[in-house]
Protein chains: 2
Amino acid sequence: MLADLAAVVGCCEPLAREPLSARQSTELARVFKAMGDPVRLRLLSLIASHAGGEACVCDLTDVFDLSGPTISHHLKVLREAGLITGERRGTWVYYRVRPELLDQLSAVLVPAAPDSPATMPADRDELPVVDA
Amino acid sequence: MLADLAAVVGCCEPLAREPLSARQSTELARVFKAMGDPVRLRLLSLIASHAGGEACVCDLTDVFDLSGPTISHHLKVLREAGLITGERRGTWVYYRVRPELLDQLSAVLVPAAPDSPATMPADRDELPVVDA
DNA sequence: CCTTTGGTTCGATAGACGTCGAAACAGGCG
DNA sequence: CGCCTGTTTCGACGTCTATCGAACCAAAGG
């Protein structure tokens, strides 16, 4: 669903440097909107902080007072926003975050982090395209 | 509306370090949701990148094919999320961003930026409380 | 004062979103 | 094969949200 964030945002153009184009803001907003829900944000955090960098859906469901389908729905939103990837291994489905995306978002927000690797365009101006 | 982000998120706890609590995710999601709209994201960018660090509403209205009330509504959402502040000076109302908030969000996203000032909790563990 | 211009609030409406239960799909395992 | 568990899809429903026009408030000048 989300094409390549770097391609749209120009990789690490801070929000405060120059106005976003309509296209850029649309793509970026898609990602922020995915994070604009408490459940999804918590899911993201649970996956990101889970041992091994990945979490099974069964681990996530028990944390909330929500039905299975609802959790699955939120995971799908996060997946389509490019924030996480899911992989089925046997019976269970494991999700892991895509740190590059978080790095990019972080870089967009902050005016100019001096020499943090998160803002060094060098080693990741080509992100894998995520689809569906 | 938004209390103190730092107080809730614990100031700079990265998303991937430990799972967010229900409360933390709720507060954070409020901010991300405010940014989860193309118009608002563009407004934020227009204000942040405007000369002098502030922009008059009259500057913002012309950029969009939207009615005045709609722009005003979006500005209110950004304001209540704590992302911008508005001040009336004479005839016009000027908006400016709150960079601390953007810094904090950036810090929450990235696992551990080595020595970027954006992630140094030292000089800003006390943020001004924004209300309405 | 009254008018004009800039911005916000109000009320209404169409569409999007979160949630659920039921049903469908996918793998193990008797 | 048939069942059982884990996960996703489907359809529906109530709520929230983006948008508008109309009305309203604030400041500046006649």
Side-chain angles (χ1 to χ4, degrees), chain A residues 1-2 22 25-44 46-47 50 54-81 83-96 131-132, chain B residues 1-2 22 25-44 46-47 50 54-81 83-96 131-132:
Chain A
M1 183 61 73
L2 175 69
S25 55
T26 300
E27 292 297 327
L28 254 183
R30 193 199 311 279
V31 183
F32 282 127
K33 180 153 64 177
M35 292 194 292
D37 181 279
V39 176
R40 286 197 290 267
L41 212 46
R42 215 167 160 206
L43 282 171
L44 197 63
L46 282 167
I47 297 171
H50 200 267
E54 64 181 10
C56 165
V57 177
C58 54
D59 296 328
L60 305 171
T61 309
D62 304 339
V63 179
F64 305 90
D65 278 341
L66 293 173
S67 69
T70 298
I71 299 296
S72 189
H73 160 69
H74 285 305
L75 288 172
K76 184 179 185 179
V77 173
L78 289 173
R79 209 186 325 134
E80 290 181 341
L83 285 164
I84 61 176
T85 61
E87 180 198 1
R88 174 165 222 128
R89 286 204 301 276
T91 304
W92 294 280
V93 176
Y94 295 91
Y95 281 96
R96 50 176 59 240
D131 36 7
Chain B
M1 182 63 73
L2 176 69
S25 56
T26 300
E27 291 298 327
L28 254 184
R30 195 198 310 278
V31 183
F32 282 128
K33 180 153 64 177
M35 292 195 293
D37 181 280
V39 175
R40 286 197 289 268
L41 212 46
R42 215 167 161 205
L43 282 171
L44 196 64
L46 283 167
I47 297 171
H50 201 266
E54 64 181 10
C56 166
V57 178
C58 55
D59 297 327
L60 304 171
T61 309
D62 304 339
V63 179
F64 305 89
D65 278 341
L66 293 173
S67 70
T70 298
I71 299 295
S72 190
H73 159 68
H74 285 304
L75 288 172
K76 184 179 186 180
V77 173
L78 289 173
R79 210 187 324 135
E80 290 181 341
L83 285 164
I84 61 174
T85 61
E87 180 199 1
R88 170 164 225 129
R89 287 205 301 275
T91 306
W92 295 280
V93 176
Y94 295 90
Y95 280 97
R96 50 177 59 238
D131 34 8

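All values reported here derive from a predicted model rather than from experimental measurement. Proteins come first, then strands; the chains are lettered A, B, ... in the order of their sequence lines, and each starts at number 1.
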Nucleotide-resolved protein contact map, nucleotides 24-30 of chain C, B/S/- at heavy-atom distance under 4.0 Å: ---SS--
Point-to-point distance, once rounded to the nearest 0.5 Å, from [atom1] of [X] to [atom2] of [Y]:
X: B:K76; Y: B:R40; atom1: NZ; atom2: CZ; answer: 12.5 Å
X: B:T26; Y: A:D37; atom1: OG1; atom2: CG; answer: 9.0 Å
X: A:L43; Y: A:T61; atom1: CG; atom2: OG1; answer: 8.5 Å
X: A:I47; Y: A:E54; atom1: CD1; atom2: CD; answer: 10.5 Å

Mind running a 4.0 Å heavy-atom check of residues 65-76 of chain B against DNA chain D and sending the residues that fall below it, in number order? B:D65, B:L66, B:S67, B:P69, B:T70, B:H73, B:H74
Restricting to non-hydrogen atoms, name the atom on B:A81 and the atom on B:A34 that form the minimum distance, rounded to 0.1 Å. CB-CB, 3.5 Å
Shortest non-hydrogen contact between A:C58 and A:W92, atoms and distance: SG-CD1, 3.7 Å
Tell me the interatomic distance from [X], atom [atom1], to [N], atom [atom2], rounded to whole angstroms.
X: A:D37; N: C:dA16; atom1: CG; atom2: P; answer: 18 Å
X: B:D59; N: C:dG6; atom1: CG; atom2: C1'; answer: 12 Å
X: A:K33; N: C:dG15; atom1: NZ; atom2: C1'; answer: 11 Å

Using the heavy-atom set of chain B and a strict 4.0 Å cut-off, write down the first and last nucleotide of DNA chain D that makes it in, 5' to 3'. D:dT17 to D:dA28
Listed pairs under 3.5 Å, donor-acceptor, residues 62-70 of chain B side chains, sequence neighbours left out:
unit_1	atom_1	unit_2	atom_2	d
B:S67	OG	B:T70	N	3.4
B:S67	OG	B:T70	OG1	3.0

Any base atoms under 4.0 Å from A:Y95, or only sugar-phosphate, or nothing? Heavy atoms, all strands. sugar-phosphate
Just so I know, are the side chains of B:R30 and B:K33 near enough to count as touching, which here means a heavy-atom distance under 4.5 Å? no
Close side-chain approach of A:L46 to A:H50, heavy-atom, < 4.5 Å: no
Option among B:V57, B:V39, B:V93, B:L83 that satisfies the side-chain contact (heavy atoms from CB on, under 4.5 Å) test with B:L75: B:V57
Bend angle of the helix from C:dC1-D:dG30 to C:dG30-D:dC1, from helix axes over five pairs at each end, nearest 10°: 10°
For B:R88, which residues count as a salt bridge (charged side-chain N to carboxylate O under 4.0 Å, His left out) partner, sequence neighbours excluded? none
Cation-pi geometry met for B:R79 and B:Y95 (6.0 Å, 45°): no
Could you go through B:L78 and B:H74, starting from their C-alpha distance and side-chain angles, then the distance that decides it, and tell me whether this counts as side-chain contact (heavy atoms from CB on, under 4.5 Å)? CA-CA 6 Å; B:L78 289 173; B:H74 285 304; 5.6 Å; no
